[in-house]
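What follows is a single structure, written as structure tokens, with notes after it.
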Amino acid sequence: MASASDPAAHGIPFSEAVRTWARIALLSFGGPAGQIALMHRILVEEKKWIGEQRFLHALNYCMLLPGPEAQQLAIYIGWLLHRTRGGLVAGILFVLPGFLAILALSYVYALLGAVDLVQGLFFGLKAAVLAIVLQALVRVGSRSLTSNATRGLALGAFLAIFVFNAPFPAIVLAAGLVGFAGGRAGLNAFSGGGGHGPGGRVTVRDADTALGEELPDHARPSRRWSVRISSILLALWLLPVAALIVLAGPESVFTRIALFFSQMAVVTFGGAYAVLAYVAQEAVGTYGWLAPGEMVDGLGMAETTPGPLIMVTQFVGFMGAFRQPGGLDPLLAATLGAVLTTWVTFVPCFLWIFLGAPFVERLRGNRALSGVLAGISAAVVGVILNLALWFALHVLFESTREVSVGVGSLELPVLATVDWSAMALSAAAIIAVFRLRLGVLPVLGSCAAAGIALRLAGLA
């Protein structure tokens, strides 16, 4: 007789799981914290498919990985319930609504960006995005900076990227090594990571759920399955990149997109807000795919659509290919750029989960790995602070200047170019988020409407 933990016997039809993952995908607004809370409410509290401890254990593993932890958590739980097809369906559905929505908005942005209505819309969204990034800074900082050591690590990360323009991967590596050493030494400061909790108050025991307490048979480590699935996913990820290098050449915009976002998929620890500073640094400064203000517009799109915030990279790939189409029609090139960016960003997420999830039980109670997570989480706060300042400079001022500071430099605003309308709207958004505690969507909608009104009145 099959055990209760056997995926064929836990009583959850695959068709019901598909409908549930589609529902989660369509409701997944509010960034990783909101998305994780949504999954917790539906899967743990409402459906009782898995229990609290199993959910948190999966979440902790996903937070150790590069990439969007909420989407990876969906892949993990989907796999846990219905094997490989469950993980594939959960992960694809989590991304699909946002991909389609941002693609449509990107068309509008590229074709109608000069229209007053569109310019006013994105003027308002920029103010809302600034407030939301500040909220993320406070939320992550309050959970991650629990000691002088972690606060010092956050400050060091901020100075490294803001003053010395250090690359994001180097900051993550250094913070992880510090956390690893602190965890191995048993320091309390690195005994566990911060990050996004599920936000649920109902505790559901694993024993009271459909999956039960026991480990499903398909979740036991299998070297043969791991090698096969990781080989397939590696081929799906890297063969298109290799083909572009050979066929299109290293100078092609598509090759550059594939290489850049493939690299990003390996180093994007700490969630979307942290990696956006890295993406902005390269896409704006190195490749010239976007102007500084356009990066904020892209984040506004990602904030107003369901799915991972890292979907903003799709907009970056779209605009990069739109402006450097080669011999292709610009809109066709842009569409291919968006698809390529999404592909190389999210295929690795399936690889990390399918390769590591069967072995994740071995991570329980590992001090060194907990320390790595704590170190990276602390550094991420410094990186998000840099992102908030970067956004503020380009939302509130029309011009900035660079000032040398020893071996580093600072980007400072030209005070005479302050945009008072943007300043007032950003202040209103910050009050709405922190004082009135309005949700993401009401703030975005109100700021978008206000931006359109200001634009039509000639004040923006």
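In this chain, residues are counted from 1 in sequence order. If you're wondering where the values come from, they're calculated on a predicted model, not measured in any experiment.
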Between [X] (side chain) and [Y] (backbone), is there a donor-acceptor pair under 3.5 Å?
X: Gln35; Y: Ser28; value: yes
X: Ser106; Y: Phe315; value: no
X: Arg455; Y: Gln119; value: no
X: Ser426; Y: Met423; value: no
X: Thr255; Y: Gly249; value: yes
X: Ser421; Y: Leu459; value: yes
X: Thr305; Y: Ala101; value: no
X: Thr286; Y: Ala283; value: no

[X] vs [Y] side-chain heavy atoms within contact, under 4.5 Å:
X: Ile353; Y: Cys62; result: yes
X: Val227; Y: Ser231; result: yes
X: Met295; Y: Val316; result: yes
X: Phe354; Y: Ser230; result: no
X: Phe162; Y: Leu389; result: yes
X: Val418; Y: Trp420; result: yes
X: Leu340; Y: Phe261; result: no

Distance from [X] atom [atom1] to [Y] atom [atom2], nearest 0.5 Å?
X: Ile310; Y: Thr341; atom1: CD1; atom2: OG1; answer: 11.0 Å
X: Ile452; Y: Leu117; atom1: CD1; atom2: CG; answer: 4.5 Å
X: Leu412; Y: Phe397; atom1: CG; atom2: CZ; answer: 10.0 Å
X: Leu290; Y: Met319; atom1: CG; atom2: CE; answer: 6.5 Å
X: Leu244; Y: Leu259; atom1: CG; atom2: CG; answer: 8.5 Å
X: Leu331; Y: Tyr107; atom1: CG; atom2: OH; answer: 6.0 Å

Would Glu411 and Thr400 count as having a side-chain donor-acceptor pair, cut-off 3.5 Å?
yes
Scan side-chain atoms only and decide if Ser147 and Thr150 contain a donor-acceptor pair under the 3.5 Å cut-off.
yes
Determine whether Glu294 and Arg323 satisfy the following criterion, salt bridge (Lys or Arg N to Asp or Glu O under 4.0 Å), listing intermediate values before the conclusion.
CA-CA 13 Å; Glu294 291 178 333; Arg323 287 173 173 152; 2.6 Å; yes
For this output row, return yes or no: ring centroids of Tyr109 and Phe318 closer than 6.0 angstrom.
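No, the ring centres sit 6.0 Å or more apart.
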Evaluate side chain to side chain donor-acceptor pair (under 3.5 Å) for Trp79 paired with Thr84, printing each intermediate quantity in order.
CA-CA 5 Å; Trp79 165 80; Thr84 307; 5.0 Å; no
Any salt bridge between Glu282 and Arg256, counting N to O under 4.0 Å?
no
Against Ile92, only a single residue in Phe346, Phe350, Phe99, Trp21 fulfils side-chain contact (heavy atoms from CB on, under 4.5 Å); can you say which?
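Of all the options given, the one that passes is Phe350.
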